[in-house]
There are 2 protein chains.
Amino acid sequence: MTKEEEILQAHITSHRLKVTKERKAILNVFMSTERHVTAEELYREMKNRGSSIGLATIYRTLNLFCASGLAEQRHFGDGQARYELTYNVHHHDHLVCKQCNRIIEFENLEIERLQEKVARKHHFTIYSHKLELYGTCEACSKEKSKSKPKSKAKSKKQTTK
Amino acid sequence: MTKEEEILQAHITSHRLKVTKERKAILNVFMSTERHVTAEELYREMKNRGSSIGLATIYRTLNLFCASGLAEQRHFGDGQARYELTYNVHHHDHLVCKQCNRIIEFENLEIERLQEKVARKHHFTIYSHKLELYGTCEACSKEKSKSKPKSKAKSKKQTTK
DNA sequence: TCTCAATTTGATAATCGGTCTCATTTTTAG
DNA sequence: CTAAAAATGAGACCGATTATCAAATTGAGA
């Protein structure tokens, strides 16, 4: 049993929920796919692999992952929620290429510190934050004026810091 | 004619669009209301003032304001788009109180500089960014555990830096 | 000022993520 | 093994926003 399965298990039993084959299957695929998937993408991927789990269950289960602390939900401005595993992953923010939808993760402790400073100045208590830099990635700025992605782009390419 | 009306006028004529009484009326009310209104809120406010302009036109016109550079659209995580006048307004980011929905604006050039630094490191060209700090404002952290706002909160109180 | 093609409007249907409902199936404590 | 509780799949539903379309308005040119 992976550490992630254990965490899910712990959350499930402590909340009097139930371990089902669907939840295990979704966790498996979720861990094996790229980061920042949408519910739809995960649904299609599971279908491709022969699963017959419904979309509603995918949504429910991703929410469960978030509740258990395994994952986090993100919005990158295209109207769909994206999910990423956060267990054992350092906090980070994102660079989002609007050309190819590539997502680059970064962390910057200096920025985090300054955020805290701003909050203190306003007597504000931060419990989460969102920092996204939108623009054009290196690859896209080189191949100037290539074809633009569709709004529903399913670009899979991503880089990590 | 205000400077804002001139900007709108310029955008309209340069795009072969038309100046209508509806657009003028919406701009007037938009400028006189608090920042970060939703389309719904603006619609209701106009109705209160005797207007019979439809919701669709409010949406269309707010989009027009954004296209002309007068306004910007924001999302603070409650599923509705909010709009704020940006003409003659210094760039800023937001502290969002999840208790009372108050929005506090701040600017921090150091953070902006660090963002640019991050982008350079990844050979990324930023053309916009989003930085929001979510948490509890001073007032709300004092009156501990008061009634929570509804999801569709229409809280009007806001502070500016 | 008048005309008329182009634009805008209001009403409302449609769309799109995402959630809810409910009958049926699965899980699990005892 | 059993029964109560929880989870599932299918599809209805929801709320924010956009699209459609007939009717009204605008404005460039005569």
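Every chain is numbered from 1, with letters handed out A, B, ... down the list of sequences.
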S.K.: Would you indicate, yes or no, if C:dG18 has its OP1 or OP2 atom less than 4.0 angstrom from a side-chain nitrogen or oxygen of A:Y59?
M.R.: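 So the side chain of A:Y59 is within the cut-off, an N or O lying under 4.0 Å from OP1 or OP2 of C:dG18.
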S.K.: Which angle, to the nearest 10 degrees, lies between the helix axes at the two ends of the helix from C:dT1-D:dA30 to C:dG30-D:dC1, each defined by five pairs?
M.R.: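 The helix from C:dT1-D:dA30 to C:dG30-D:dC1 shows an end-to-end axis angle of 30°.
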S.K.: Under 4.0 Å: is that the gap between some side-chain N or O of A:R16 and OP1 or OP2 of D:dA6?
M.R.: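 Answer is no, no contact under 4.0 Å.
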S.K.: Checking B:H123 now: which residues fulfil ring-ring contact (aromatic ring centres under 6.0 Å, His included) with it, not counting sequence neighbours?
M.R.: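 B:H123 satisfies ring-ring contact (aromatic ring centres under 6.0 Å, His included) with no other residue.
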S.K.: Rounded off to whole Å, could you give me the CD-to-P distance for the A:Q80 and C:dG17 pair?
M.R.: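 The distance from CD of A:Q80 to P of C:dG17 comes to 5 Å, rounded to the nearest Å.
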S.K.: Can you measure A:Y43 atom OH to C:dG18 atom P for me and round it to whole angstrom units?
M.R.: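 Roughly 15 Å, once rounded to whole Å.
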S.K.: Assign A:L55 to base, sugar-phosphate, or nothing according to its heavy-atom contacts below 4.0 angstrom with the strands shown.
M.R.: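 If one applies the 4.0 Å heavy-atom cut-off, A:L55 turns out to touch nothing in the nucleic acid.
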S.K.: Would you mind reading off the distance between B:L42 atom CG and D:dA16 atom P, rounded to a whole angstrom?
M.R.: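 Interatomic distance, CG of B:L42 to P of D:dA16: 15 Å.
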S.K.: Whole angstrom is fine here: how far is it from CD in A:E40 over to P in C:dG18?
M.R.: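 Rounded to whole Å, this separation is 8 Å.
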S.K.: Given the rule in the salt bridge (charged side-chain N to carboxylate O under 4.0 Å, His left out) test, do A:E45 and A:K47 qualify, once you have shown the distances and angles that lead to the verdict?
M.R.: CA-CA 5 Å; A:E45 177 59 26; A:K47 246 189 174 162; over 6 Å; no
S.K.: Does A:E116 have any salt bridge (charged side-chain N to carboxylate O under 4.0 Å, His left out) partners at least two apart in sequence or in another chain, and if so, which?
M.R.: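 Listed in chain order: nothing, the list is empty.
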S.K.: Only counting residues at least two apart or in another chain, list the ones meeting side chain to side chain contact (heavy atoms under 4.5 Å, CB included) with B:R60.
M.R.: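 Residues passing side chain to side chain contact (heavy atoms under 4.5 Å, CB included) with B:R60: B:A56, B:T57.
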S.K.: For A:T38, give me all partners under side chain to side chain contact (heavy atoms under 4.5 Å, CB included), at least two apart in sequence or on another chain.
M.R.: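 Here the qualifying residues are A:E40, A:E41, A:Q80, A:R82.
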S.K.: Can you sort out the partners of A:R120 under salt bridge (charged side-chain N to carboxylate O under 4.0 Å, His left out), two or more places apart, ordered by chain and number?
M.R.: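 Here no residue qualifies.
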S.K.: Take nucleotides 22-30 of chain C nucleotide by nucleotide from the 5' end and write B, S or -, depending on whether a protein heavy atom sits under 4.0 Å from the base, only from the sugar-phosphate, or from neither.
M.R.: ----SBS--
S.K.: Heavy atoms under 4.0 Å, any strand shown: does B:T38 hit a base, just sugar-phosphate, or nothing?
M.R.: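 No contact at all - B:T38 keeps every heavy atom at 4.0 Å or more from the nucleic acid.
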S.K.: Quick one: ring-ring contact (aromatic ring centres under 6.0 Å, His included) pairs with a partner in residues 55-85 of chain B, sequence neighbours left out?
M.R.: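 Listed once each, the pairs are B:F30-B:F65, B:H36-B:F76, B:F76-B:H94.
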S.K.: Under 3.5 Å, side chain of A:T20 to main-chain N/O of A:R23, donor-acceptor pair present?
M.R.: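 Checked: pair present.
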S.K.: How many whole angstroms separate atom NZ of A:K24 from atom P of D:dT8?
M.R.: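 For the pair A:K24 NZ and D:dT8 P, the rounded distance is 12 Å.
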S.K.: Just by distance, with hydrogens left out, do B:E132 and A:H129 show a side-chain donor and acceptor under 3.5 Å apart?
M.R.: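 Checked: B:E132/A:H129 side chains show no N/O donor-acceptor pair below 3.5 Å.
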S.K.: Specify the residues of residues 61-77 of chain B, ordered by number, for which at least one heavy atom lies under 4.0 angstrom from an atom of DNA chain C.
M.R.: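 Output list: empty, so none.
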S.K.: Only pairs at least two apart or in different chains count here, so list each salt bridge (charged side-chain N to carboxylate O under 4.0 Å, His left out) that has a residue in residues 10-19 of chain A.
M.R.: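 The answer is none; no pair qualifies.
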S.K.: For B:K21, check side chain to side chain contact (heavy atoms under 4.5 Å, CB included) against everything at least two apart and list the hits.
M.R.: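 Scan of B:K21 (side chain to side chain contact (heavy atoms under 4.5 Å, CB included), adjacent residues dropped) gives none.
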S.K.: Mapping A:A56 and B:G79 onto DNA chain D by nearest heavy atom, which one lands closer to the 5' end?
M.R.: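 Going by which nucleotide is closer to the 5' end, it is A:A56.
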S.K.: How many whole angstroms separate atom CD1 of A:I53 from atom C1' of D:dG11?
M.R.: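 Those two atoms, CD1 and C1', are 18 Å apart.
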S.K.: Reading DNA chain D from 5' onward, which residue's closest nucleotide shows up sooner: B:A39 or A:I26?
M.R.: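 So the residue in question is A:I26.
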S.K.: Using whole Å, report how far NE2 of B:H15 lies from C1' of D:dG27.
M.R.: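 Whole-Å distance recorded here is 18 Å.
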S.K.: List the residues meeting side chain to side chain contact (heavy atoms under 4.5 Å, CB included) with A:E110, not counting sequence neighbours, and say none if there are none.
M.R.: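 Scan of A:E110 (side chain to side chain contact (heavy atoms under 4.5 Å, CB included), adjacent residues dropped) gives A:N108, A:R113, B:L114, B:K117.
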S.K.: Mind calculating the distance between CD1 (A:I58) and C1' (C:dG18) to the nearest angstrom?
M.R.: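 The distance from CD1 of A:I58 to C1' of C:dG18 comes to 14 Å, rounded to the nearest Å.
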